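First up is the structure itself, then whatever we jot down about it.
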Amino acid sequence: MKNLISAAERISLIDFDNIRNQDYKSHHLLVQEFLRRATRVIHEYSITLKTLRYPFISAFDVMDRELDIDVLQWCPKLEEIHNGTIKYMCRYYLQWSVLIDKGIPVALEHKDLYEPLIQLLERGGSFDIRQNSMIVGEATFHLPTYRDKVIKEPNDISDQHLDRLDLEQDMEIKWENEDGLIITSYLEYAQTRIASINFMLEQPEKKSHLILINEFLRRAAYFERFLYLSIDSPFVNAVEALGYSYTLEIEEVCPAIQSIESELIKSVCINYLELSALVDQKVLKARKYYNLYEPIIKYFERGGKIILMDKNIIAGSEMIPLADWYVDAITNSPEDISDRNLNLLDSTLVE
């Protein structure tokens, strides 16, 4: 049962609690490729889907009888999958692996039938089926249309091609920051911003300060959650956390760093510069989290100060225990930190 064991291991490694129905080009392509493969198998072998679950082909559809193996015993992780559609698909994927192990011709010829959807899950994606359509992000794939359309030419679903698709999309969507600015060099933009901040001056507390601190903590919490990091502190070095080591000569790149007396604020600014440099190198992971430090940099620009004292984060009149920051931040709703909204908030007095 070599193939069944391998399939069970792959499913067991997927974090089904964190998959999301996202609008990535790679996810769309993977679904298109799966529909192409399923339709081809159905037409070539004249398979009648007795389960009425197109595009998912089960062992029963192929053999006209149930398997003599309970795939659940080989993969208990199935019980932890809450999305019913994905649960069925994973079950059929395991059954297909059994057919391969048994030497069933259709399964041997089409070993990778379910590979596109397994890759989709492994990449953090999800899908659903509603009203005869497969839904992936904002894309809708009308199943009756695909069921009748046999396409022999396969799509390239190599990781390299999928990563490139997502990077291109990321560049299209995310080159704009919260204020709609088009940034051609993130490192240069970061240098200019830090050089313009008067770190010696502390402004009176503003309404925007609390919004910015809460939004930074929220982004830091999600960053650490998605990367399975320690949650001891929100002031994480993103470049190191992403698995990169960056030898940036900070004082040469941004001499203004030398004027920052607070070690905490200095480290945040250095982390921001290093992440910006990685973004400019078009590193996909860095592009995904390019705006991690945006709220706290805006906080500094608006005269805010932050310190760590007695295991507490102190920002103005706010005191946040380090022991509690993650639990509180992970439940926060996203904040509008556009300059337009922040200026509107600061135009009224702090109560």
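Small disclaimer: the values here were computed from a predicted structure and weren't measured.
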Restricting to non-hydrogen atoms, name the atom on [X] and the atom on [Y] that form the minimum distance, rounded to 0.1 Å.
| X | Y | value |
| --- | --- | --- |
| Tyr290 | Val279 | CB-CG2, 3.8 Å |
| Tyr54 | Ile42 | CD1-CD1, 3.4 Å |
| Leu121 | Gly125 | CD2-O, 3.5 Å |
| Leu275 | Leu242 | CD1-CD1, 4.3 Å |
| Thr145 | His142 | OG1-CD2, 3.0 Å |
| Ala59 | Leu67 | CB-CG, 3.6 Å |

Working to the nearest 0.5 Å, report the span between [atom1] of [X] and [atom2] of [Y].
| X | Y | atom1 | atom2 | answer |
| --- | --- | --- | --- | --- |
| Ile296 | Leu212 | CD1 | CG | 9.5 Å |
| Gln191 | Ser276 | CD | OG | 9.0 Å |
| Asp156 | Glu153 | CG | CD | 11.0 Å |
| Gln32 | Ile157 | CD | CD1 | 12.0 Å |

Could you check if a side-chain atom of [X] sits within less than 4.5 angstrom of a side-chain atom of [Y], using non-hydrogen atoms only?
| X | Y | result |
| --- | --- | --- |
| Ser126 | Asn83 | yes |
| Glu294 | Arg219 | yes |
| Met134 | Val31 | yes |
| Tyr293 | Phe235 | no |
| Leu94 | Ile11 | yes |
| Asp61 | Phe56 | no |
| Asp339 | Lys298 | yes |

Ion pair check, [X] and [Y], cut-off under 4.0 Å:
| X | Y | answer |
| --- | --- | --- |
| Arg302 | Glu205 | no |
| Asp68 | Lys102 | yes |
| Glu79 | Lys87 | yes |

| query | What do you reckon, are the aromatic ring centroids of Phe34 and Tyr114 less than 6.0 Å apart? | reply |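 They qualify: ring centres under 6.0 Å apart.
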| Output field: ring centroids Phe16/His82 closer than 6.0 Å |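 That pair fails the under 6.0 Å test.
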| field | Worked check of side chain to side chain contact (heavy atoms under 4.5 Å, CB included) between Ile270 and Asn237 | value | CA-CA 9 Å; Ile270 290 172; Asn237 184 321; over 6 Å; no
| Do Arg225 and Tyr326 pass the side-chain hydrogen bond (donor to acceptor under 3.5 Å, both in side chains) test, and can you show the C-alpha distance, the side-chain angles, and the key distance before you say yes or no? | CA-CA 9 Å; Arg225 175 184 175 184; Tyr326 178 85; 4.8 Å; no
| task | Identify whether Trp96 and Leu108 are in the same connected component of the hydrophobic contact network (ILVMFWY, side-chain heavy atoms under 4.5 Å). | result |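 Both belong to a single hydrophobic cluster.
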| query | Out of curiosity, does Leu210 fall in the hydrophobic cluster containing Ile306 (side-chain heavy atoms, cut-off under 4.5 Å, transitive links)? | reply |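 Different hydrophobic clusters.
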For [X], look at atom [atom1] and say whether over 12 heavy atoms of other residues, nucleotides or ligands are found less than 6.0 Å away.
| X | atom1 | answer |
| --- | --- | --- |
| Asp310 | CG | no |
| Phe223 | CZ | yes |
| Met1 | CE | yes |
| Gln203 | CD | yes |

| request: Check step by step if side chain to side chain contact (heavy atoms under 4.5 Å, CB included) holds for Ser6 and Ser97. | output: CA-CA 9 Å; Ser6 176; Ser97 302; over 6 Å; no
Any donor-acceptor pair under 3.5 Å linking the side-chain atoms of [Y] with those of [X]?
| X | Y | result |
| --- | --- | --- |
| Tyr299 | Ser208 | no |
| Asn18 | Asp15 | yes |
| Tyr272 | Arg193 | yes |
| Glu109 | Tyr45 | yes |
| Asn3 | Asp101 | yes |
| Glu301 | Ser196 | no |

| query | So His27 and Tyr24, would you call those rings parallel, tilted or perpendicular, with 30° and 60° as cut-offs? | reply |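 The rings of His27 and Tyr24 stand perpendicular, inter-plane angle above 60°.
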| Is Arg40 reaching over with its side chain to a backbone N or O of Val150, donor-acceptor style, under 3.5 angstrom? |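 Pair absent, no side-chain N/O of Arg40 close to backbone of Val150.
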| Would you find a donor on one side and an acceptor on the other, under 3.5 Å apart, between the side chain of Asp163 and the backbone of His161? |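 The answer is no, because no donor-acceptor pair under 3.5 Å joins these two groups.
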| request: Decide side chain to side chain contact (heavy atoms under 4.5 Å, CB included) for Ile194 and Phe199; before the verdict, give the C-alpha distance in whole Å, the side-chain angles of both, and the deciding distance to 0.1 Å. | output: CA-CA 9 Å; Ile194 290 175; Phe199 290 98; 4.1 Å; yes
